[in-house]
Asker: 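So that we are looking at the same thing, I have put the structure below in structure tokens.
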Amino acid sequence: MEKAKIERINELARKSKTAQGLTAAEKDEQAALRKEYLAAIRASFKAQLDNIEIVD
């Protein structure tokens with residue numbers, strides 16, 4: 001995942017914790033970015049598991 005997208009996720013998370021909160025559009029953007037981030041994490045983990053070789 002691109003560094004800019006991760007920074008945007010963090011920016012939205014910080015903003016959501018303030019009194020100002022997030023707009024509806026920002027909430028939708030945050031949800032989409034989180035979904036994309038989790039998909040990237042899962043793909044990376046699956047690739048690692050696929051490369052594991054068990055030796056007796």
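Because the structure is predicted, anything quoted here is derived from the model rather than measured.
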Asker: With rounding to the nearest 0.5 Å, note down the distance linking OG in Ser44 to CZ in Arg42.
Answerer: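 It comes to 12.5 Å.
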
Asker: With sequence neighbours left out, write down each residue that passes side-chain contact (heavy atoms from CB on, under 4.5 Å) with Lys15, or none if nothing qualifies.
Answerer: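 Applying side-chain contact (heavy atoms from CB on, under 4.5 Å) to Lys15 gives Thr18, Gln20, Leu22, Glu26.
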
Asker: Quick one: side chains of residues 4-11, donor-acceptor pairs under 3.5 Å with protein atoms, not counting sequence neighbours, listed by atom name and distance.
Answerer:
unit_1 : atom_1 : unit_2 : atom_2 : d
Lys5   : NZ     : Glu36  : OE1    : 3.4
Lys5   : NZ     : Glu36  : OE2    : 2.8
Arg8   : NE     : Glu29  : OE2    : 3.0
Arg8   : NH1    : Glu11  : OE2    : 2.8
Arg8   : NH2    : Glu29  : OE1    : 2.9
Asn10  : ND2    : Ile6   : O      : 3.4

Asker: At what distance, to the nearest 0.5 angstrom, does CG of Asp28 lie from CG of Leu33?
Answerer: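 It is 11.0 Å, given to the nearest 0.5 Å.
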
Asker: Considering residues at least two apart in sequence or located in another chain, which fulfil the side-chain hydrogen bond (donor to acceptor under 3.5 Å, both in side chains) criterion with Asp50?
Answerer: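 For Asp50 the side-chain hydrogen bond (donor to acceptor under 3.5 Å, both in side chains) partners, ignoring immediate neighbours, are Lys46.
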
Asker: Is the shortest heavy-atom distance from the side chain of Phe45 to the side chain of Leu49 under 4.5 Å?
Answerer: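 A side-chain contact under 4.5 Å exists here.
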
